[in-house]
Amino acid sequence: MGRSGFTRRLKSPRLPVMSVHPFQPQPFFADKNRAFWNLQSLGWAGAFLLRGSSTIANGQPLSSLVPVLISTVTGYSVTLLIAVMFRFLLRQKPIITWGVSILTVVVAAGLVAFIDAWVFSTQNKGSDTAGLQLFLGAFYLSMTLLGAWSALYYAINFYLTVEEQADQLLHLENQASSAQLAMLRYQLNPHFLFNTLNSISTLVLLKQTDRANAMLSRLSSFLRYTLINEPTAQVTIEQEIETLKLYLEIEKMRFEDRLRPIFTIDPAVGQARLPSLLLQPLVENAIKYAVTPKEEGAEISVSAQPAGENVRIVVSDSGPGLNEGGMKPHIAVSEGTGVGLPNIRDRLIQAFGERQSFETRSSPSGFSVIIEIPLNLEDSSKVAA
């Protein structure tokens with residue numbers, strides 16, 4: 001239980017965890033320095049109590065506790081020196097570690113046994129017990145105690161090493177997941193900008209500068225709003241809807257009355273969280289395949305309702321669907337910038353794993369995407385480290 005063996009891992013990377021209440025019990029090895037001293041002190045105090053109670057139970061006088069106390073203090077001090085040696089040995093090859101560790105324990109046990117035998121013989125000068133016999137008895141006891149201490153020391157360090165490696169692996173997995181989320185999120189802005197700038201370019205060519213300026217102004221507001229959030233951050237459904245409305249204000253400049261959005265958001269799920277800009281590509285997809293092909297345009301409906309412990313979000317349109325020769329959105333979006341339903345599906349998997357569902361439905365009256373995610377009111381991507 002060497003102090004150095006524990007404290008050398010104090011700065012090991014840790015996973016992000018939820019902020020802890022000040023009165024919530026901390027893990028025992030959260031402070032490894034304190035854990036070492038607690039174990040060291042409690043262990044040797046327990047050894048003293050065990051040996052002392054055994055001595056008294058055998059009818060020995062209270063003065064016989066003095067050698068026990070000296071032996072305990074000696075063992076306590078010697079194990080601190082052993083810890084320094086073990087700290088060095090932990091970084092060596094296994095054959096050196098185990099060979100030198102055993103030799104160290106034998107030498108330390110001999111030292112402790114010599115001190116115990118000397119103290120006993122000094123206190124009991126009239127004893128008939130031979131010096132060698134006394135030394136061997138003390139050596140056996142010291143070897144047992146120090147051997148158990150050393151085994152526990154290495155067992156705890158092995159446990160901490162395995163725990164640290166598991167934490168590092170999970171930390172790397174989280175980093176990879178965050179990088180994947182960021183990559184998927186970063187795909188959205190270039191795709192959206194590509195379409196919007198094309199529209200602005202068309203307005204300029206048609207010399208409709210006022211409308212082009214208005215669209216640029218709305219585009220600036222939309223980008224300013226969306227760039228506030230980190231790529232891996234989660235936002236509330238209310239915030240996501242506000243972002244959609246900003247986006248639709250831009251598209252309204254192109255389609256006017258042909259684009260008819262409808263929002264039905266249950267207040268009970270308004271604070272539920274989802275990845276930012278998750279719904280914008282779905283609405284953009286609906287505009288492309290429902291509003292654009294039809295002269296009279298189409299309705300685009302966005303709803304969010306409770307579904308047990310989940311939130312059900314539906315984005316639907318009144319376009320041609322798939323039954324009137326409409327293109328399959330999950331195929332069509334693979335063209336151009338390559339952003340669409342696969343992106344949404346991947347972001348859901350990265351954010352919620354198996355706790356989400358993603359479904360598309362088509363009918364003569366339109367196409368819809370149905371998403372279910374956990375009713376989570378905490379932003380898991382922004383928890384305290």
To the nearest 0.5 Å, tell me how far [X] [atom1] sits from [Y] [atom2].
X: Tyr247; Y: Ile287; atom1: OH; atom2: CD1; value: 3.5 Å
X: Leu244; Y: Glu284; atom1: CG; atom2: CD; value: 11.0 Å
X: Gln356; Y: Leu348; atom1: CD; atom2: CG; value: 5.0 Å
X: Ile82; Y: Ser150; atom1: CD1; atom2: OG; value: 5.0 Å
X: Glu299; Y: Ile262; atom1: CD; atom2: CD1; value: 4.0 Å
X: Ser142; Y: Leu145; atom1: OG; atom2: CG; value: 6.5 Å

Report, as yes or no, whether the 6.0 Å neighbourhood of atom [atom1] on [X] holds more than 12 heavy atoms from other residues, nucleotides or ligands.
X: Phe358; atom1: CZ; value: yes
X: Glu309; atom1: CD; value: no
X: Ile95; atom1: CD1; value: no
X: Asp257; atom1: CG; value: no

Answer whether the closest heavy-atom distance between the side chains of [X] and [Y] falls below 4.5 Å.
X: Met143; Y: Val106; answer: yes
X: Val73; Y: Phe48; answer: no
X: Asp116; Y: Leu141; answer: no
X: Asp317; Y: Asn285; answer: no
X: Val119; Y: Thr74; answer: no
X: Leu39; Y: Ile156; answer: yes
X: Gln234; Y: Asn376; answer: yes
X: Leu111; Y: Ile115; answer: yes

Inset, instruction - Under the side chain to side chain contact (heavy atoms under 4.5 Å, CB included) rule, what do Ile250 and Leu246 come out as? Steps first, then yes or no, please. - result: CA-CA 7 Å; Ile250 297 172; Leu246 279 174; over 6 Å; no
Do [X] and [Y] share a hydrophobic cluster (ILVMFWY, side-chain heavy atoms under 4.5 Å, transitive)?
X: Leu136; Y: Phe114; value: yes
X: Trp98; Y: Leu89; value: yes
X: Phe139; Y: Val68; value: no
X: Leu80; Y: Trp44; value: yes
X: Leu90; Y: Met85; value: yes

Legend entry - Derivation of the side-chain hydrogen bond (donor to acceptor under 3.5 Å, both in side chains) call for Tyr154 and Thr97: CA-CA 11 Å; Tyr154 277 117; Thr97 299; 5.8 Å; no
Quick check: does any side chain N or O of [X] sit under 3.5 Å from a backbone N or O of [Y], one acting as donor and the other as acceptor?
X: Arg258; Y: Glu295; answer: yes
X: Thr79; Y: Tyr76; answer: yes
X: Ser53; Y: Leu50; answer: yes
X: Arg312; Y: Ile370; answer: no
X: Thr104; Y: Val100; answer: yes
X: Thr144; Y: Tyr140; answer: yes
X: Thr161; Y: Asn157; answer: yes
X: Glu240; Y: Leu279; answer: yes
X: Lys294; Y: Pro320; answer: no

Inset, instruction - Can you spot which of Thr202, Val204, Thr209 makes a side-chain contact (heavy atoms from CB on, under 4.5 Å) with Leu206? - result: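 So, applying the side-chain contact (heavy atoms from CB on, under 4.5 Å) to Leu206 and each of Thr202, Val204, Thr209, only Thr202 qualifies.
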Nearest non-hydrogen partners of [X] and [Y], listed with the distance:
X: Val314; Y: Ser368; value: CG1-CB, 4.4 Å
X: Phe263; Y: Pro261; value: CE1-CB, 4.1 Å
X: Asn310; Y: Pro374; value: OD1-CA, 3.6 Å
X: Gly52; Y: Leu65; value: CA-CD2, 3.6 Å
X: Val311; Y: Ala272; value: CG2-CB, 3.8 Å
X: Arg347; Y: Pro275; value: NH2-CB, 3.5 Å

Inset, instruction - Apply the test side chain to side chain contact (heavy atoms under 4.5 Å, CB included) to residues Ile313 and Ile237: give CA-CA distance (whole Å), side-chain angles for both, the deciding distance (0.1 Å), then the verdict. - result: CA-CA 10 Å; Ile313 302 172; Ile237 289 180; 4.2 Å; yes
Legend entry - Stepwise side chain to side chain contact (heavy atoms under 4.5 Å, CB included) test for Val105 and Trp149: CA-CA 10 Å; Val105 172; Trp149 185 95; over 6 Å; no
Legend entry - Evaluation steps, side chain to side chain contact (heavy atoms under 4.5 Å, CB included), between Ile344 and Ile371: CA-CA 10 Å; Ile344 304 302; Ile371 295 171; 4.2 Å; yes
Inset, instruction - Establish, yes or no, whether a centroid distance under 6.0 Å links the rings of Tyr153 and Phe86. - result: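 Yes, close enough.
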Inset, instruction - Would you check if there is a donor-acceptor pair between the side chains of Gln280 and Thr243 at a distance under 3.5 Å? - result: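 Checked: Thr243/Gln280 side chains show no N/O donor-acceptor pair below 3.5 Å.
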